[in-house]
Amino acid sequence: MLEVYVQNVDNTWFAIACTQQKIVATSFSRTQESTLSNTLSNIPFNMPVQVLHEPSNFAKSAFAILKTIYDGKEAKNKLSLITHTLPAYTRKVLKVTSAIPVGYVSSYGAIAKAVGGSPRAVGNVMAANPFVPIVPCHRVVKSDFTLGGYGGGLETKLEFLKREKRGYPYPKKITINSGYLELFPVEFVLKNLTL
DNA sequence: TGCAAACCATAAC
DNA sequence: GTTATGGTTTGCA
């Protein structure tokens, strides 16, 4: 039986679907309803679920981590995610996306170069990300540094990136297994958006 | 700039 | 099996 929790922190709703120690899905949004339905829609098969109101200790710590990430801060503790129910390619893309640090972005195409497949296939994985914002799909933008899409709305994606500004000056590459991933300072995106 | 064609993993038929 | 669908990219006018 999976446990699902919904909680409001500083005017944002967060939800967690989990076992005793592991995360199956997370999300956040403006309303309790959409947050809950988002999370429920990412639960694989039809695993039985109970929605609880009093958070377990594990849920409490998970909410704290979600909020830390949401605030644009470094999360020192990591949550363990249940991914074996997801397709292999999806797992690879989510894993590489997780390697993008706060303060940097990458692009759909750059991730495709790192893991194989096409930019559009990567976009499809982002759109279906069950672990928002733990897997930082908000740090994936188009190759011209415009925003691309975001489930929670582009405004939300932009605010996220603003909070993650770190002032890094240069792009860099990090090595993934046998390949590399290109990273760019968030400022490359923010600078472009002077309207 | 704008548009068409190529791209490729998934989910839905 | 097959098809339709993208949170894209690239090339060319």
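Below, chain A is the first sequence line, B the second, and so on; all start at residue 1.
The shortest distance between the side-chain N/O atoms of A/Thr90 and the OP1/OP2 oxygens of B/dT10 is below 4.0 Å. Residue A/Ser143 places no side-chain N or O under 4.0 Å from the OP1 or OP2 atom of C/dT8.
Within the 4.5 Å cutoff, side-chain heavy atoms of A/Phe28 are placed close to those of A/Val132. With contacts defined as side-chain heavy-atom distances shorter than 4.5 Å, the pair A/Lys67/A/Asp71 qualifies.
Protein atom OH of A/Tyr108 is 12 Å distant from nucleotide atom C1' of C/dT9, rounded to whole Å. Here the C1' atom of nucleotide C/dA4 and the CG atom of A/Asn124 are 11 Å apart, to the nearest Å. Per the geometry, NZ belonging to A/Lys113 stands 19 Å off C1' belonging to B/dA9, to the nearest Å. Regarding A/Leu161, its CG atom lies at a distance of 18 Å from the P atom of C/dG7, rounded to whole Å. A/Arg120 has its CZ atom 6 Å from the C1' atom of C/dT8, to the nearest Å. Protein atom CD1 of A/Ile111 is 15 Å distant from nucleotide atom C1' of B/dC8, rounded to whole Å. Between the P atom of C/dG7 and the CG atom of A/Asn38 lies a distance of 14 Å, rounded to the nearest Å. Rounded to an integer number of Å, the gap from A/Asn129 CG to B/dT10 P is 14 Å.
Judged by distance alone, the side chain of A/Ser106 and the main-chain N or O of A/Glu182 form a donor-acceptor pair under 3.5 Å. Judged purely by atom type and a 3.5 angstrom limit, A/Lys157 uses its side chain to pair as donor or acceptor with the backbone of A/Gly149. A distance-only check finds no donor-acceptor pair linking the side chain of A/Arg139 to the backbone of A/Thr97 [under 3.5 Å].
Closest approach to the A/Ala121 side chain among C/dT8, B/dA9, C/dG7 is made by B/dA9 (side chain taken as heavy atoms from C-beta onward).
Base pairing of C/dT5: its partner is B/dA9, meeting the Watson-Crick or G-U wobble criterion (both donor-acceptor distances under 3.5 Å).
Residue contacts for A/Val93: at a heavy-atom cut-off of 4.0 Å it reaches no nucleic acid atom on any strand shown. Counting any heavy atom pair closer than 4.0 Å across all strands shown, A/Tyr89 reaches sugar-phosphate atoms only and no base atom.
With hydrogens and angles left out, the side chain of A/Tyr150 and the base of C/dG7 share no donor-acceptor pair within 3.5 Å.
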